[in-house]
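Computed over heavy atoms, backbone and side chain alike; hydrogens, waters and symmetry mates excluded.
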Amino acid sequence: MSKREDLSVLLLTNQVVNDDLSVFETGSSKVKIVRIARVSSGQASLVRYWNYFLFYLTALWRLGLFAPRSVLYFETLSSFPALVYYRFFKKIKLYIHYHEYTSEQEYQAGMVLNRFFHRWEKKIYSKAAWVSHTNHFRMSLFEKDIYPQQLSGNGHLLPNYPPERWRSQSKQFMHDPLLVVYAGAFSLDTMYVVEFAHWVVAQQGKVRWDIYSYNLTTQARHFIRDLHCPWIQLQPGVDYEDLPSILKKYDVGLILYRGHILNYIYNAPNKLFEYLACGIDVWFPHVMTGAKEYATQTTYPKVIPIDFAHLNEMDLGGMISREGLVLSESNYFYECVLEELIRNMIGNDQ
């Protein structure tokens, strides 16, 4: 029997309380998911800290029962059980992945728990089997932050790509009106929502914009509804596994981050790769340095940086034209990047 066939995985997490959101299950007997605490947006501080305590205590107990030889944790806030387990069982292999970049200034200004755990993390980076970020920009910033506690050849890039089963054929022709979609968290404070909404209104029916979100602020919801624009619609949230069937119906996928912190400036978000996998164009703010290396207007689907401060100057006809272009299908799928991590973990699991 191969190591992969004999592999068992325990996933320790919390459950987000949302009546519209289905609970994900893997369908594999080899993967057990334990959801420890029920969390929701707007929880009181005492309730939130109780949930942290419950997660850390229960996760430590579960780690002791499961006795894994390799432990992977995501983000500083979830590090405590893994760091304690590693402290007492030095023979295990510790894997660390950051889906977001947090600067040292943000650690100092943020939660006390994060500051405390991060001081501990920094002492073990060179000893960990793996430390990864989603792109080379963030990894470079991270390495500068932790100097002189340098990585010892264990730094890796692990982009957040969708599965290959999402692959859809790109359309050669656009709809009339142009169909634009946004899927994900939705807020006025950190996104170009107001600017893009006003631009859609000004198009007088040439563009239709649908928004799919489980996580939108009350302010953003009221803003969209108060526009009373028939070409902008708030749609029900969509489970992750159902996104491809929705996205592929559109022409353009939208990214709206303002780039208000380094994490978003040096960001190639999962939305970019999800839209491309579904065969649709991507428009993203030109302030997002991390996404610019994927920009292309010579093949389709196109990936176009736009200036949200001057949307009225866009050449919409040129942006959506396919004339003279050839198809270039996305190859950004997680099967291409997770293999290295899996080989590393299994190869070290002696």
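For the pair Pro159/Tyr332, no side-chain contact is recorded, criterion being any heavy-atom separation below 4.5 Å from C-beta on. In this structure the side chain of Tyr107 never reaches within 4.5 angstrom of the side chain of Asp145, judged on heavy atoms. Put simply, the side chain of Ser187 does not reach to within 4.5 Å of the side chain of Val193, judged on heavy atoms. The shortest distance between side-chain heavy atoms of Arg165 and Glu241 falls below 4.5 Å. In this structure the side chain of Pro301 reaches within 4.5 angstrom of the side chain of Leu327, judged on heavy atoms. Asn331 places a side-chain heavy atom less than 4.5 Å from the side chain of Arg167. Side-chain contact check for Lys248 versus Lys171: every heavy-atom pair is 4.5 Å or farther apart. By the 4.5 Å heavy-atom criterion applied to side chains, Val326 and Thr298 are not counted as neighbours.
Checked by atom type and distance alone, the side chain of Asn14 pairs as donor or acceptor with a backbone atom of Ala37 at under 3.5 Å. With Tyr52 contributing its side chain and Leu113 its backbone, the two residues share no donor-acceptor pair below 3.5 Å. A donor-acceptor pair is defined here as one N or O able to donate and one able to accept, closer than 3.5 Å; such a pair exists between the side chain of Tyr275 and the backbone of Leu254. Put simply, the side chain of Arg69 never gets that close to the backbone of Lys93: no donor and acceptor are under 3.5 Å apart. Listed for the Ser70 side chain is no donor-acceptor partner under 3.5 Å among the backbone atoms of Pro68. Judged by distance alone, with hydrogens and angles left aside, the side-chain atoms of Ser152 form a donor-acceptor pair with the main-chain N or O of Ser126 at under 3.5 Å. Here the side chain of Gln203 pairs a donor or acceptor atom with the backbone of Trp199 at under 3.5 angstrom. Asn263 places no side-chain N or O within 3.5 Å of a backbone atom of Glu100 that could act as its donor or acceptor partner. Counting only distance, with no hydrogens or angles, the side chain of Arg258 and the backbone of Met191 share a donor-acceptor pair below 3.5 Å.
Remark: Glu340 pairs with His156 by the side-chain hydrogen bond (donor to acceptor under 3.5 Å, both in side chains) rule, at least two apart or across chains. For Tyr300, there are no ring pair (Phe, Tyr, Trp, His ring centres under 6.0 Å) partners two or more places apart in sequence or in a different chain. In this structure Lys127 satisfies the side-chain hydrogen bond (donor to acceptor under 3.5 Å, both in side chains) test with no other residue, sequence neighbours excluded. The side-chain hydrogen bond (donor to acceptor under 3.5 Å, both in side chains) search around Thr299 returns Thr296, not counting sequence neighbours. Every side chain to side chain contact (heavy atoms under 4.5 Å, CB included) that Leu10 has, sequence neighbours left out, goes to Leu12, Lys32, Val34, Arg62, Phe66. With sequence neighbours left out, Arg221 forms a salt bridge (charged side-chain N to carboxylate O under 4.0 Å, His left out) with no residue at all. By the ring pair (Phe, Tyr, Trp, His ring centres under 6.0 Å) test, Phe55 pairs with no residue at all, sequence neighbours left out. Judged as a ring pair (Phe, Tyr, Trp, His ring centres under 6.0 Å), and not counting sequence neighbours, the contacts of Tyr266 are Phe137. Considering only residues two or more places apart in sequence or on other chains, Val84 meets the side chain to side chain contact (heavy atoms under 4.5 Å, CB included) condition with Leu60, Phe80, Phe88, Trp120.
Open room surrounds CZ on Phe53; 12 or fewer heavy atoms of other groups in view lie less than 6.0 Å from it. Atom CG of Leu46 sits in a sparse spot, with 12 or fewer heavy atoms from other residues, nucleotides or ligands closer than 6.0 Å.
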Inset, instruction - Report the C-alpha separation of Leu83 and Glu121 in whole Å, then their side-chain angles, then the decisive distance to 0.1 Å, and conclude whether the side chain to side chain contact (heavy atoms under 4.5 Å, CB included) test is met. - result: CA-CA 8 Å; Leu83 293 175; Glu121 284 183 305; 4.1 Å; yes
Legend entry - Worked verdict on Gln219 versus Asp189 for side chain to side chain contact (heavy atoms under 4.5 Å, CB included): CA-CA 9 Å; Gln219 185 184 24; Asp189 296 333; 3.7 Å; yes
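Under the 3.5 Å distance criterion, with hydrogens and angles disregarded, a donor-acceptor pair is assigned to the side chains of Asp239 and Tyr214. For the residue pair Asp210 / Tyr250, a side-chain donor-acceptor distance below 3.5 Å is found, with atom types taken as modelled. Side chains of Arg138 and Asn267: a donor on one and an acceptor on the other come within 3.5 Å.
Considering all non-hydrogen atoms of both residues, Ile232 and Ala197 come closest at CD1-O, 3.7 Å. Looking at every heavy atom in both residues, His99 comes nearest to Glu75 through N-OE2, 2.5 Å. Phe117 and Leu77 get closest at one heavy-atom pair: CE1-O, 3.9 Å. Counting all heavy atoms, side chain and backbone alike, Glu335 lies closest to Pro162 at OE1-O, 4.3 Å. Between Ile124 and Leu94 the shortest heavy-atom distance is CD1-CD2, 3.6 Å. Listed here is the closest heavy atom pair of Tyr125 and Leu151: CB-CD2, 3.9 Å.
Rounding to the nearest 0.5 angstrom, the gap separating the CG atom in Asp251 from the CZ atom in Arg208 is 10.0 Å. From Ile261, atom CD1 reaches atom OG1 of Thr102 across 7.5 Å, with rounding to the nearest 0.5 Å. The CD atom of Gln108 sits 9.5 Å away from atom OG of Ser103, with the distance rounded to the nearest 0.5 Å. The distance from atom CH2 of Trp209 to atom CG of Leu234, rounded to the nearest 0.5 Å, is 8.5 Å. In this structure, the separation between CG on Asn135 and CG on Leu158 is 11.5 Å, given to the nearest 0.5 Å. The CG atom of Leu247 sits 11.0 Å away from the CG atom of Leu276 when rounded to the nearest 0.5 Å.
Using the six-membered ring where Trp is involved, Tyr161 and Phe273 have ring planes that are perpendicular, over 60° apart on the 30 and 60° scheme. Under the 30°/60° scheme for interplanar angles, the aromatic rings of Tyr98 and Phe142 are found to be tilted.
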Output side-chain donor-acceptor pairs under 3.5 Å for residues 302-312, partner residues at least two apart or in another chain, one line each.
unit_1: Lys302; atom_1: NZ; unit_2: Gly318; atom_2: O; d: 3.0
unit_1: Lys302; atom_1: NZ; unit_2: Met319; atom_2: O; d: 3.1
unit_1: Lys302; atom_1: NZ; unit_2: Ser321; atom_2: O; d: 2.9
unit_1: Asp307; atom_1: OD1; unit_2: Ala309; atom_2: N; d: 3.0
unit_1: Asp307; atom_1: OD2; unit_2: His310; atom_2: ND1; d: 2.9

Side-chain donor-acceptor contacts of residues 176-186 below 3.5 Å, not counting sequence neighbours, with atom names and distances?
unit_1: Tyr182; atom_1: OH; unit_2: Ala185; atom_2: O; d: 2.4

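If you look at Tyr85 and Phe89, their ring centroids are closer than 6.0 Å. In this structure, Tyr86 has its ring center at least 6.0 angstrom away from the ring center of Tyr73.
By the criterion of side-chain heavy atoms lying less than 4.5 angstrom apart, applied directly or through intervening Ile, Leu, Val, Met, Phe, Trp or Tyr residues, Phe333 is not grouped with Val337; the two fall into different hydrophobic clusters.
Here salt bridge (charged side-chain N to carboxylate O under 4.0 Å, His left out) pairs that include residues 275-297, with residues two or more places apart or in two chains, are Asp281-Arg322.
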